[in-house]
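Take a look at the structure set out below.
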Amino acid sequence: MLFNSFTFLVFFCCVFALFRLLPGWTARKWLLLVSSYVFYAAWYAPYVLILIVSTTVDWWIARRIYRCEDPAARKRLLVVSLVCNLGLLGFFKYGGFVLENLAALMAAAGLPHHPHAWSIVLPIGISFYTFASLSYTIDVYRKDVRGDATLADYALFVSFFPHLVAGPIVRARLLLPQLAEPRTASREQVVWGLALVAFGLFSKVVLADSIFAPVAEQVFATAASVSATDAWAGVLGFSGQIYFDFSGYSLCAIGLALCFGFEFPDNFRYPYAARGFSDFWRRWHITLSTWLRDYLYIPLGGSAEGRAKTYRNLMLTMLLGGLWHGASWMFVAWGGLHGAYLAIERALRGPRARGSTPTSGGVALPLATFLVVTLTWIPFRAPDAATAGQMLAALFRFGAANTVAPTPMLLAYATMLATLAWQHRQRDRSLEQWFGGLGRAGQVGALAACLIALFLCSGGDERAFIYFQF
């Protein structure tokens, strides 16, 4: 059930109307819980059982950890939670990847092995709800949060449909307290929530799917023969596609939650205006980058154990962050490149600049950061190393005939240029501040323009959000 589908529109209207009509907070939460399971079941009903079992096991373990005073026993329980969650994620997401690479290693050793094709369907959203659930048991173990939530509240925290499939990765410390007290969204919250949904759908349907995706898909499909002009259009096209696709989903999720009175954290803050790579990761997929920082980078030692170990910790964190995105060495390469950028940037800035962001340099530093980030999207998007190499070579294939039609190519270039100008102008302001400064007439005009564009670009195939596959 896609946010950009008529089916979801009907689903949301029914759930929202019933939520407002039900008199008690407990009844409203049960409505949201059942609705969230129905939403998930629309993808593949049997996998609802995996979600329920995973939720119940984590809730029970966290409750045991909370009540236990013996440090060794608490640690054993945490290990059980880690094994269960990472084992579940590893089996479904990386089982085929492990078998494929094992077969390659055996063949290299002169022991040919041909395993059966891995045909198990990946449960949608498993990477997101596994990380959300893991954060709860870890936080309870650290005594950062209480572990006495009811099973119903905890199940709703994990499965709440706005963030279930592709985030933001909402932590228990943020959402469980909101579930504990009755909440009814104010008129202003509902209006702003629906506005965020409109902006999110505009980002997805108009910008990502209609402007950037066709160019990116054509170019990456014919990487071996495209011209430099085409190649740059395709690379910039994917840079725009993945940003507007995922940030659009996040805006929809935040807006939908707000309609029910719940506040989610921001997931994007104008990342293409970042001044450096550490600043980029403070602005791109914020809930994942902060999760990796708090539950991986800092436990590894962070930056407290010397320069060499700091670089090691950065690289390990980004390699695992790349692998989190998918079972492919291309994602690992993408993560490794970002790990190298962060380490180099840290070395160049020195210890005194730790955690700081340059405040000068005009547009040169943001543009350089954007260019490197965009080029690094190539291994993320390419299906294999050969295609990535062809794309890199095509960036310098001057003189070849263009294959992308002029209109979509120019539209992709112009839209990306407008995106960079917009993000540079807005980098220190929130979307809500911008919208509030428009005045009533400007707000109505902006929303009307979004809705008209959505109407004009709708009617074709409904594209799933890119991050659904992760």
Side-chain angles (χ1 to χ4, degrees), residues 1-25 27-48 51-52 123-125 128-129 155-168 170 183-210 244-262 264 447-469:
M1 197 184 300
L2 302 172
F3 287 169
N4 52 320
S5 68
F6 180 74
T7 304
F8 179 78
L9 175 63
V10 174
F11 168 83
F12 170 74
C13 289
C14 292
V15 174
F16 181 74
L18 288 172
F19 183 84
R20 303 288 288 198
L21 290 172
L22 287 174
W25 183 233
R28 288 183 171 189
K29 288 192 291 186
W30 274 104
L31 169 69
L32 292 180
L33 179 59
V34 173
S35 300
S36 296
Y37 284 140
V38 170
F39 173 82
Y40 194 74
W43 300 101
Y44 189 61
Y47 279 176
V48 174
L51 177 60
I52 293 173
I124 193 167
F128 289 91
Y129 70 70
L156 181 53
F157 148 68
V158 174
S159 64
F160 190 30
F161 69 85
H163 77 97
L164 173 60
V165 175
V170 183
R183 306 180 72 85
T184 300
S186 65
R187 178 178 176 275
E188 291 75 18
Q189 285 180 310
V190 173
V191 170
W192 178 234
L194 293 176
L196 286 175
V197 173
F199 292 143
L201 291 177
F202 173 83
S203 296
K204 164 64 175 171
V205 175
V206 179
L207 299 178
D209 290 352
S210 300
F244 284 110
D245 188 285
F246 194 23
S247 66
Y249 181 94
S250 296
L251 287 176
C252 289
I254 294 168
L256 291 168
L258 193 60
C259 289
F260 296 100
F262 300 102
F264 280 4
L447 290 174
C450 283
L451 295 176
I452 291 171
L454 282 169
F455 174 77
L456 294 175
C457 293
S458 62
D461 294 335
E462 296 167 353
R463 291 174 178 258
F465 290 85
I466 292 175
Y467 265 69
F468 280 15
Q469 62 186 291

Just so I know, are the side chains of [X] and [Y] near enough to count as touching, which here means a heavy-atom distance under 4.5 Å?
{"X": "Tyr40", "Y": "Leu164", "value": "yes"}
{"X": "Phe128", "Y": "Val165", "value": "no"}
{"X": "Val170", "Y": "Phe262", "value": "no"}
{"X": "Val197", "Y": "Phe3", "value": "no"}
{"X": "Arg183", "Y": "Trp25", "value": "yes"}
{"X": "Asp209", "Y": "Cys457", "value": "no"}
{"X": "Leu454", "Y": "Val206", "value": "yes"}
{"X": "Cys252", "Y": "Leu196", "value": "no"}

>> Distance alone, cut at 3.5 Å: any donor-acceptor contact between the side chains of Thr184 and Arg28?
In response: yes
> Once the angle between the rings of Phe260 and Phe19 is folded into 0 to 90°, is it parallel (under 30°), tilted (30 to 60°) or perpendicular (over 60°)?
Replying inline: perpendicular
> Going by the angle between their ring planes, with limits at 30° and 60°, are Phe160 and His163 parallel, tilted or perpendicular?
Replying inline: perpendicular
>> For the aromatic rings, using the six-membered ring if either is Trp, is the centroid distance between Tyr37 and Phe161 under 6.0 Å?
In response: no
> Under 6.0 Å between the ring centres of Tyr47 and Tyr44?
Replying inline: yes
Do you know which two heavy atoms are closest between [X] and [Y], and how far apart they sit?
{"X": "Pro162", "Y": "Phe264", "value": "CB-CE2, 4.1 Å"}
{"X": "Ser35", "Y": "Phe11", "value": "O-CZ, 3.4 Å"}
{"X": "Ser203", "Y": "Gly248", "value": "CB-CA, 3.9 Å"}
{"X": "Leu258", "Y": "Gly193", "value": "CD2-N, 3.9 Å"}
{"X": "Val158", "Y": "Tyr129", "value": "CG1-CB, 4.0 Å"}

> Quick one: CZ on Arg20 to SG on Cys259, what's the gap to the nearest 0.5 Å?
Replying inline: 9.0 Å
> Roughly how far, to the nearest 0.5 Å, is CD1 of Ile254 from CZ of Phe199?
Replying inline: 13.5 Å
> Is there a donor-acceptor contact under 3.5 Å from the side chain of Ser250 to the main chain of Pro168?
Replying inline: no
